Amino acid sequence: MTTNPEFTNVAEDLEWRGALFDATPGAAHALATEKIRCYNGFDPTASSLHIGNLVAIMGLVRLQQYGHTPIALVGGGTGMIGDPSGRSNERTLMSVAEIDDNVEAIRLQLEPFLDFKAKSNPARMVNNADWLRTTELLPFLRDVGKHFTVNTMMGRDSVKDRFGRDNGISFTEFSYQLLQAYDFLTLFERDHVGFQAGGSDQWGNILGGVDLIRRIHGADSAGRPRAHGIAYPLVVDSNGEKFGKSIGGAPTLDPGQTSPYKLYQYFLNVSDADAVPYVKLFTLLNQVQIGGLAEAVTAEPQKREAQKTLAEEVTRTVHGQGGLNQALKITQAFFGGDISALTADEMEDVLEGSSMAEVSRNQLSGDGIRFSELAVNAGAGKSGGDVRRTIEQGGMYLNGEQISDAGRMVSTEDLVEGRLLVIRRGRKNYSLVKLAD
RNA sequence: GCAGGGAUUGGGGAGUGGUUAAACCCAGCAGACUGUAAAUCUGCCGCUUGACGGCUUCGCAGGUUCGAAUCCUGCUCCCUGCACCA
C-alpha cells in the first residue's frame, strides 16, 4: 500500500480521481477538517462482490488512509426487503439462509481491504440484520415513519420509474428507503457515524438518511448538518457501457468464480481510453505514478503500461501477491510461448480454477472419445454443434495443436504425461481435462 | 366479473396457412487486422450430421388442414379499460 501524502484531504483525492459524483454541502469541509466515521453498505444479493463494487471498497480504503474510520455494512437486514434502485422489476425475495450465506461470503471478501487493527482508526464491519431484524413495526412506524411523507417517497426515481411499469412496485420495496435511512440513523446514534458513502444509484437513499437525522437531531451548534453523504460515479467505459460487463458477466472478487488470471486478463484488456481513468479509480497509485502512465499510454500505447499496471495492482489488492503471481504465470504460459512446452504439473497449476472435467481411462481406451464430446464435457462449448462450428472457424486446440476435425478421436496417447488434456477455445479460453483415477 | 390487447429462438422485435429454424437489431462465439486494445471486416449463433438431410421449437393442451408460429376450442399468465368490493 502506498500511503498518500500528496493531497491534504480525502475529498481532494477522490475529486482528482474522478471518484466523487456528488456530496452533501459541507461534506468536503468536514472531510478536510475532522476525522469522521463513514459507512458504506453492501447488498447480499449475490454470493460475491463484483468489480463494480471496487469503487466503493476503494473509497473506504482511501478514507482510512486519510485517518478516517471506515465501516463496511453488510445488508443482512435490508437484503430481506430488496432495494428497488436501478431495478425495473420487483425482486424475488431470497431466503434468510441464502442472505446469511451471502452476507458471510461478502464479509470475508471485504476484510482484506481494510485495516481492522489500526490504532487510531480501525475499520469496522457491521450487519444491519442486527437491528433491522429485531425492529418492531409499531415503534418503527411512529418514530421513523412519521418523518417521511409518501409524497416525497413516491417522487424518488427508483420508485417513480416503477409506477409506469407493468408490475408496479410492492409496498415491501416501496418501504426500502425507510430502512436504509433508519440504518444511517442507527449508526449515527449508536456509533457516531456521520457519513455515508455509496454509488450514485444510492444517492437518494443516502440523502434519505441525512434528512432523517436532520429532522430528528437538527443541526449542530454551528448550524451545520450533523450527517453527510458522498456518492461515487457509476463507472462506464469509453463507449458508455456500464463497467463490468464482460465475457460471462461481471468479474467477481471470488477466486472460485473468477480466477485471479481472469481478473488480471479483464483489466489487462481494458481499452487505452479507459486505462488511466481506471487506474485512478481502482488503485492506490499516486499522481506522479499515474501521470507517468498517462504519458506512456500516449507515447507507446502498444506497450500497454497502464493496462499492465492496472491489472497487476487490482489483482494484487484483490487476491494478494500469490494470486497475482499465479495470474502472471498463466499469462506468461499462454501468451509467452507454446503451452505444449509445459509439463503436466505446470499445466495443472496454471489452469487451477479454470473449467475442468474428468475422463475415465475407460473412455480414452481403444479408439477413445470424440473430440467434440470431450470438449462439451470440459465446458469448452455448449453443444457438439457449437464445438464443430468453432473448429470449422479454426478456434479449437488440443494440447496446443489446432483441431480440424470434430470427429477426431482422443485417446490415451493424447494425454500429457499420461494424465492431462488441455483444450483451448479461441485466443484465451482454456479447459483442463484430468484423467480420473 | 365483463370487455379489449398480448404471450415468438438469450434480450428487443418481425412474421397472420406452405417459399419459416423463423426477418432485423442487440448481446454472445470464432476468425482476420492489431498492441492479448479500440474501431472495422468475415463467419457463426435450436439439437443433430462429414455433407445431403433428419429432428425438436413460436405460453400450455387439443382440433381443422395434404400442410399451422400463423385458423378453431379450452386452459394458464400478463397488460389496459369498466365494474364489483371498500
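No hydrogens, no waters, no symmetry mates; every other heavy atom, side chains included, goes into these values. Throughout, a chain's letter reflects where its sequence line sits, starting with A, and its residues are numbered from 1. Quantities reported herein were computed from a predicted structural model and do not represent experimental measurements.
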When rounded to the nearest Å, what value does the distance between C1' atoms of rA22(B) and rC84(B) take?
-> 44 Å
Could you give the distance separating rG6(B) and rC60(B) at their C1' atoms, to the nearest angstrom?
-> 16 Å
With no angle test and no hydrogens, is the base of rU36(B) tied to the side chain of Gln265(A) by a donor-acceptor pair under 3.5 Å?
-> yes
Report the distance from atom CD of Gln402(A) to atom C1' of rG31(B), rounded to the nearest whole Å.
-> 10 Å
Any strand, both distances under 3.5 Å, Watson-Crick or G-U wobble: rA68(B) pairs with none
For nucleotides 46-56 of chain B, 5' to 3', base contacts (B), sugar-phosphate-only contacts (S) and non-contacts (-) with protein non-hydrogen atoms under 4.0 Å give -SSBSS-----
Quick one: are Gln196(A) and Gln202(A) in side-chain contact, heavy atoms under 4.5 Å?
-> no
Using the P atoms only, state how far rU80(B) lies from rC26(B), rounded to an integer number of Å.
-> 31 Å
Mind checking what makes salt bridge (Lys or Arg N to Asp or Glu O under 4.0 Å) contact with Arg304(A), not counting sequence neighbours?
-> none
Flag if over 12 foreign heavy atoms under 6.0 Å of CD, Glu417(A) = yes
Identity of whatever pairs with rC33(B) - Watson-Crick or G-U, under 3.5 angstrom = none
Between rA38(B), rU36(B), rG35(B), which nucleotide gets closest to the side-chain atoms of Ser271(A)?
-> rA38(B)
Measure from CD1 on Ile403(A) to P on rG31(B) and round the result to the nearest Å.
-> 14 Å
So do Val387(A) and Phe371(A) actually touch side chain to side chain, heavy atoms under 4.5 Å?
-> yes
Heavy atoms under 4.0 Å, any strand shown: does Gln307(A) hit a base, just sugar-phosphate, or nothing?
-> base
Looking at the side chain of Thr390(A), which of rA30(B), rA37(B), rU36(B) is the nearest nucleotide?
-> rA30(B)
Expressed as a whole number of Å, how far does the P atom of rC25(B) sit from that of rU40(B)?
-> 14 Å
Whole-Å P distance, rG59(B) and rA7(B) | 8 Å
Now, which nucleotide makes the Watson-Crick or G-U wobble pair with rC82(B), with each of the two distances under 3.5 Å?
-> rG1(B)
Any side-chain N or O of Asn429(A) under 4.0 Å from OP1/OP2 of rC29(B)?
-> no
Phe148(A) vs Leu212(A) side-chain heavy atoms within contact, under 4.5 Å | yes
Leu253(A) side chain near Ile57(A) side chain, heavy-atom distance below 4.5 Å | yes
Given the C1' atoms of rC77(B) and rA61(B), what is the spacing between them in whole Å?
-> 15 Å
Mind checking side-chain contact (heavy atoms from CB on, under 4.5 Å) for Ser365(A) and listing every partner two or more places apart, or none if nothing turns up?
-> Asn362(A)
What is the pairing partner of rA7(B), taking Watson-Crick or G-U wobble pairs with both distances under 3.5 Å in any strand?
-> rU76(B)
